[in-house]
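Note sheet for the following structure.
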Amino acid sequence: MKKILNFICLVSFICCSTGVFAQSTVTGKVTDQDGIGILGANIQVQGTSTGSVTDEDGNYSIQANQGDVLIFSYIGYQTQRQEVNGSTVNVQLRENVSLLNEVVVSSTRKPVRKLQATTAINTIGTEELATLKAESFTEAIQNTPGVIIDETQGRKGGFNIRGFPGGSIYSTTLIDGLPVSAIAAQSGSQQEFFGIDQNVQNIEVVRGAAATLFGRAAAAGAINIISKTGGTEHHGNFQITKYSNNSREGHQFDGEVDFRADFNFNGPISDKLRYNIGGYVLEDSGVKEQFAKDRGAQVRANFDYLISETSSIRLYGSVFNNQFQNITDSPWDLENGRILEGWHPANTFFNDARPLDRAFGVLDVRQGFFNPTLATQADGSPIRDAPGANREVTKGGNIGVDFNIDLGNGWFWSERFRYNNFVYEDINEFNFSTFYEADATVNRFNGQAFNQNVELITEHRISKQIKSEKAEHNISGGLYYSTAERDRLGLNFVYGSSVSFRNPEVGPSFGFSSGSFGFPQPPATSYISNTSSNRGESATGIFIGDEMVFNEKLSVNIAFRYDWLKSRFNTNPEEIPNSGIDFDPSGEVVENELKFNDYSYSVGANYLIGESSALYANYVRAFSLPGSINATSIVPEDNEVVNNLELGYRAGLGDLTLDFTLFNTKIDNRIATVFDGNLGEFVERPAGSNKILGGEFAATFTPKGIKGLIVRGALTLQDSQYEDFFVPLSTVDTDRDGTPDATNVDQAGELFGLNLVGSGVNAGINLNGLKAQNRPTSIINVNVGYNADRWGADFGGFTYSGGYADALNLFELPSISEYNFGAYYAFPLGTDELRFSMRIKNLFDGANARQLVVGGQNTDAPLIEKQNNPTSAGRITTAVFQNPKRVLFTIGYKF
């Protein structure tokens with residue numbers, strides 16, 4: 001550590017050799033060919049990271065020297081360079097169909113044109129966000145090449161990038177450059193702690209080469225959510241959306257009004273102080289039938305004080321109280337490859353309006369299956385199992401401050417702080433029964449977790465710009481530190497439920513004129529476990545890098561990062577002050593603390609072949625550590641290590657913009673998550689390796705002859721395979737002698753081409769060459785849009801195909817297609833606008849399964865089922881379906 005800090009000091013001392021240049025304020029206006037001011041055009045001083053953005057009237061101001069060259073760029077227009085000769089520089093931009101001139105901020109540590117980025121990056125801008133009407137950040141990035149989304153839970157979802165395995169430890173979600181949570185496993189592909197709102201300026205999606213910028217949870221990439229900043233004039237918008245009601249006939253929410261109201265206001269408080277504030281109010285039955293609604297409210301705000309053109313201080317914060325739907329599942333007919341007869345993708349197991357907890361009464365709970373102990377609420381009342389109250393609730397907020405200070409002489413200082421404090425209640429339920437019959441009573445698992453998170457996230461960075469006649473350097477180094485405390489009480493129940501649905505014999509007295517589920521009955525063992533704990537995570541990372549440009553053609557980025565992580569687990573009630581639930585463990589207090597550390601580095605290059613084409617490449621060595629620990633976790637012998645190579649080509653060819661990328665990834669020392677029956681929870685175990693080989697091809701066509709038309713498409717082909725990946729067997733009768741063992745490998749019976757290794761209790765399957773679970777081999781993205789003066793329409797979506805539901809590749813996933821259609825008409829009211837819009841999500845009402853939960857609690861289940869019933873005749877499994885069709889009507893006022 002001392003040597004690294006000395007190295008940073010030495011680099012900083014060398015950087016001090018540059019001279020001082022007197023700067024002055026340059027102002028001007030950027031207009032289009034009709035003389036109309038362009039909002040959001042980017043201005044950058046060539047060779048530096050100094051930049052500015054035009055306001056609503058196209059005006060800007062920037063600090064620059066006489067003789068400096070200003071670069072003016074905006075999406076859809078040709079980039080223009082203008083030398084500073086005086087205090088005013090006005091520019092008129094000409095249209096250019098190439099989208100490669102947009103400026104991105106998440107690819108490197110300084111803003112660059114997308115054409116010059118050294119990695120694959122896509123931007124979802126304000127207009128596209130307004131068109132998509134996304135209900136989550138996951139849904140907002142659905143058209144990004146190489147990204148697989150799962151928005152089946154409506155306003156919270158997950159995503160995976162380029163065939164990486166499941167879990168949130170490979171990708172991270174950031175707001176304005178800082179992770180949303182100090183717990184890495186909570187800052188990945190899940191968004192439980194905030195909802196998408198009108199404060200978002202744009203979203204940038206980086207694929208690959210992000211670990212050295214964003215830390216250990218970004219080996220696959222990151223999405224950076226960039227907030228709006230107030231301008232020189234007051235602007236705002238208000239809109240209300242009416243949702244079509246997805247509750248089927250007879251549901252308790254059938255026919256109710258579902259709506260969401262959004263607002264955003266921004267502008268100046270004074271010449272130096274700007275504000276931006278926005279949020280929403282929500283009341284919605286949800287995309288699927290459940291016992292609890294989506295409801296809540298959120299407000300986010302930021303205030304920016306402009307010390308100078310290149311220095312600013314931002315104070316920001318948010319408060320939220322969101323209740324979103326959680327995991328939902330339905331039965332899947334394996335024999336016929338469709339949803340079970342009589343079911344609809346909007347149906348879930350618990351849509352009954354009755355108080356279901358009356359069927360269960362008071363249930364004892366157990367800690368690790370031993371020593372029954374009654375769990376009570378803070379007022380002493382017993383906790384009841386309520387599977388109908390399936391939801392996820394977050395209440396709380398955050399506050400933060402950002403400093404960006406120009407120290408002069410090419411030195412810049414940046415400080416970022418964010419404090420999170422929220423209560424997180426997570427209740428979800430799903431089938432424990434992996435395979436069953438249509439007339440069965442299945443065991444369902446109800447998991448309830450009550451959490452209190454308190455977090456601090458910080459980043460401290462200093463950078464130095466060095467500029468010579470033929471080369472430019474932007475050297476930066478700094479320190480990341482975060483700490484989090486998480487108090488958690490987990491209650492796990494098992495109960496029985498009938499699979500039958502819409503039974504015509506059920507009368508309307510229950511409020512379901514078309515039928516209902518059979519009444520749930522608790523089985524003999526109606527409880528599993530109770531886990532109460534205090535969990536902590538603290539992380540420290542140091543980083544240093546250099547972003548270089550040679551002769552304005554070759555860009556080279558190098559970066560190094562080292563991270564330390566300490567994770568804690570403790571069941572001492574005295575250290576669990578925030579859960580709100582009394583629990584006194586009858587067993588021994590358990591403590592566990594583990595420490596991890598590793599490094600990341602990356603090298604990237606981009607070479608401009610011409611004004612609108614470039615070759616780029618990058619290599620990253622990253623790592624991934626366990627997302628969380630429990631009482632029995634141990635330090636693995638080796639950390640997960642990710643090596644990724646990416647090669648790409650970008651070009652603007654007349655009306656056509658192309659982006660082609662090849663990627664090759666290897667993940668060694670994979671950690672797999674399995675269910676430990678003794679602990680009653682999921683744990684992580686060493687398993688093997690993965691390799692991913694693939695390519696992305698994206699094209700955008702914007703014909704000059706049809707102004708307002710844009711056609712976009714992308715094809716991603718990826719092969720995500722297991723390599724020397726060992727899965728132990730525990731219950732498979734491999735020698736077919738009636739006992740679950742593997743003592744006779746030579747007579748193992750039908751294993752469907754699987755590679756059986758070992759024998760007896762050490763028997764298992766090597767998954768080498770099999771495809772990674774739930775990772776499609778092809779992704780197609782399509783979007784067509786047209787915008788006239790007052791109206792517009794768009795059509796687009798995605799298709800995923802070629803995936804397997806299980807690690808053994810015995811059950812293939814169906815292809816998923818989801819396409820949307822939208823249209824709007826705008827009425828001008830002077831300088832204001834009144835807009836009416838309509839959007840249909842899942843236009844063709846696709847009803848396929850995104851996931852088939854055929855694994856159960858162990859990986860033996862698919863093989864056992866296939867051996868016993870190769871044709872799947874009469875067999876049902878659990879599935880998570882794509883969301884059913886939904887129509888949104890929106891009226892908005894913008895000023």
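Ion pairing between R155 and E392 fails under the 4.0 Å rule for side-chain N and carboxylate O. Between D598 and R621 there is a salt bridge, since at least one side-chain N of the basic residue sits less than 4.0 Å from a carboxylate O of the acidic one. Using a 4.0 Å cut-off between charged side-chain N and carboxylate O, R162 and E696 make a salt bridge. For the pair R670 and E723, the salt-bridge criterion is not met [side-chain N within less than 4.0 Å of a carboxylate O]. In summary, E537 and R535 do not engage in a salt bridge, as defined by a charged side-chain N under 4.0 Å from a carboxylate O. Of the charged side-chain nitrogens involved, at least one lies within less than 4.0 Å of a carboxylate oxygen, so that R568 and E485 count as a salt-bridged pair.
Taking R650 as the reference, D659 meet the salt bridge (charged side-chain N to carboxylate O under 4.0 Å, His left out) condition, with sequence neighbours excluded. With sequence neighbours excluded, the residues that form a side-chain contact (heavy atoms from CB on, under 4.5 Å) with N122 are K114, T144, P145, R207. Under the rule for a salt bridge (charged side-chain N to carboxylate O under 4.0 Å, His left out), D426 has no partner lying at least two apart in sequence or in another chain. With sequence neighbours excluded, the residues that form a side-chain contact (heavy atoms from CB on, under 4.5 Å) with D546 are H473, I475, M548, I558. The side-chain contact (heavy atoms from CB on, under 4.5 Å) check on D197 picks up N199, V200, Y280, Q298, R300, with sequence neighbours excluded. Annotation: side-chain hydrogen bond (donor to acceptor under 3.5 Å, both in side chains) contacts of D668 (sequence neighbours excluded): K666, S689. With sequence neighbours left out, the side-chain contact (heavy atoms from CB on, under 4.5 Å) criterion links A617 to L647. The side-chain hydrogen bond (donor to acceptor under 3.5 Å, both in side chains) search around Y599 returns none, not counting sequence neighbours. Scored by the salt bridge (charged side-chain N to carboxylate O under 4.0 Å, His left out) test, E425 finds R391 as partners (sequence neighbours excluded). Listed by chain and number, the residues in a salt bridge (charged side-chain N to carboxylate O under 4.0 Å, His left out) with D724 amount to none (sequence neighbours excluded). Under the side-chain hydrogen bond (donor to acceptor under 3.5 Å, both in side chains) criterion, S600 pairs with no residue, sequence neighbours left out. Residues meeting the ring-ring contact (aromatic ring centres under 6.0 Å, His included) test with F663, sequence neighbours left out: none.
A donor-acceptor pair is defined here as one N or O able to donate and one able to accept, closer than 3.5 Å; no such pair exists between the side chain of Y481 and the backbone of L456. With hydrogens and angles disregarded, a donor-acceptor distance shorter than 3.5 Å links the side chain of E646 to the backbone of A120. Distance alone, capped at 3.5 Å, is enough to place a donor-acceptor pair between the Y800 side chain and the I149 backbone. A donor-acceptor contact shorter than 3.5 Å is absent between the side chain of N597 and the backbone of L565. Formation of a donor-acceptor pair under 3.5 Å by the R775 side chain with backbone atoms of N160 is not found in this model. N848 places a side-chain N or O within donor-acceptor distance of the main-chain N or O of S815, the cut-off being under 3.5 Å. The backbone N or O of S227 lies less than 3.5 Å from a partner atom in the side chain of D176, making a donor-acceptor pair. Checked by atom type and distance alone, the side chain of N690 never pairs as donor or acceptor with a backbone atom of I667 at under 3.5 Å. Looking at E128, its side chain never comes within 3.5 Å of a backbone N or O of I124 through a donor-acceptor pair. A distance-only check finds no donor-acceptor pair linking the side chain of E640 to the backbone of F623 [under 3.5 Å].
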**OP:** Would you sort out whether E135 and K156 count as a salt bridge (Lys or Arg N to Asp or Glu O under 4.0 Å), showing the intermediate values?
**Re:** CA-CA 8 Å; E135 297 297 320; K156 56 182 290 288; over 6 Å; no

Original post:
Under the side chain to side chain donor-acceptor pair (under 3.5 Å) criterion, do N606 and S555 qualify, and how do the steps go?
Top reply: CA-CA 5 Å; N606 179 296; S555 300; 5.2 Å; no

Original post:
Between F164 and Y170, is a ring pair (Phe, Tyr, Trp, His ring centres under 6.0 Å) present by the stated rule, with each step listed?
Top reply: CA-CA 7 Å; F164 267 75; Y170 300 105; 5.5 Å; yes

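Counting heavy atoms from C-beta on, the side chains of V620 and V642 never come closer than 4.5 Å. V180 places none of its side-chain heavy atoms less than 4.5 Å from the side chain of L174. The side-chain heavy atoms of K566 and L594, taken from C-beta on, include no pair separated by under 4.5 Å. Side-chain contact between I141 and F159: present, with at least one pair of heavy atoms (C-beta onward) separated by less than 4.5 Å. Using a 4.5 Å heavy-atom threshold, the side chains of D563 and F543 count as separate. In this structure, P179 and Y480 have side chains that are in contact, with non-hydrogen atoms separated by less than 4.5 Å. Counting heavy atoms from C-beta on, the side chains of E547 and T118 never come closer than 4.5 Å. Here the side chains of V853 and T434 are not in contact, with every heavy-atom distance at 4.5 Å or above.
Geometric assessment of R488 against the ring of F569 yields a negative cation-pi assignment under the 6.0 Å and 45° thresholds.
By the 30° and 60° cut-offs, the orientation of the rings of F560 relative to Y562 is tilted.
Atom CG of residue N766 and atom CZ of residue F725 lie 10.0 Å apart, to the nearest 0.5 angstrom. The line from CD1 of I692 to OG of S720 is 4.0 Å long, rounded to the nearest 0.5 Å. Here F726 contributes atom CZ and L767 contributes atom CG; the two are 9.5 Å apart, rounded to the nearest 0.5 Å. Atoms OG1 and CG, from T328 and N883 in turn, are 7.5 Å apart once rounded to the nearest 0.5 Å. Expressed to the nearest 0.5 Å, how far CG of L693 lies from CG of D719 amounts to 7.0 Å. The distance from the CD atom of Q201 to the CD1 atom of I225 is 13.5 Å, given to the nearest 0.5 Å.
Of the N and O atoms on the side chains of E455 and S482, not one donor lies less than 3.5 Å from an acceptor on the other residue. With 3.5 Å as the limit, one finds a donor-acceptor pair spanning the side chains of D150 and Q851. For the residue pair Q153/Q325, the side-chain donor-acceptor check at 3.5 Å is not satisfied. In this structure, a donor-acceptor pair under 3.5 Å is absent between the side chains of Y616 and N618. In this structure, a donor-acceptor pair under 3.5 Å is absent between the side chains of N781 and R712. For the residue pair N202 / T123, no side-chain donor-acceptor distance below 3.5 Å is found, with atom types taken as modelled. Between the side chains of N643 and Y619, at least one donor N or O lies within less than 3.5 Å of an accepting N or O. For the 3.5 Å distance criterion, the side chains of N390 and N428 fail to qualify, holding no donor opposite an acceptor. Remark: the Q452 side chain and the N421 side chain contain an N/O donor-acceptor pair separated by less than 3.5 Å.
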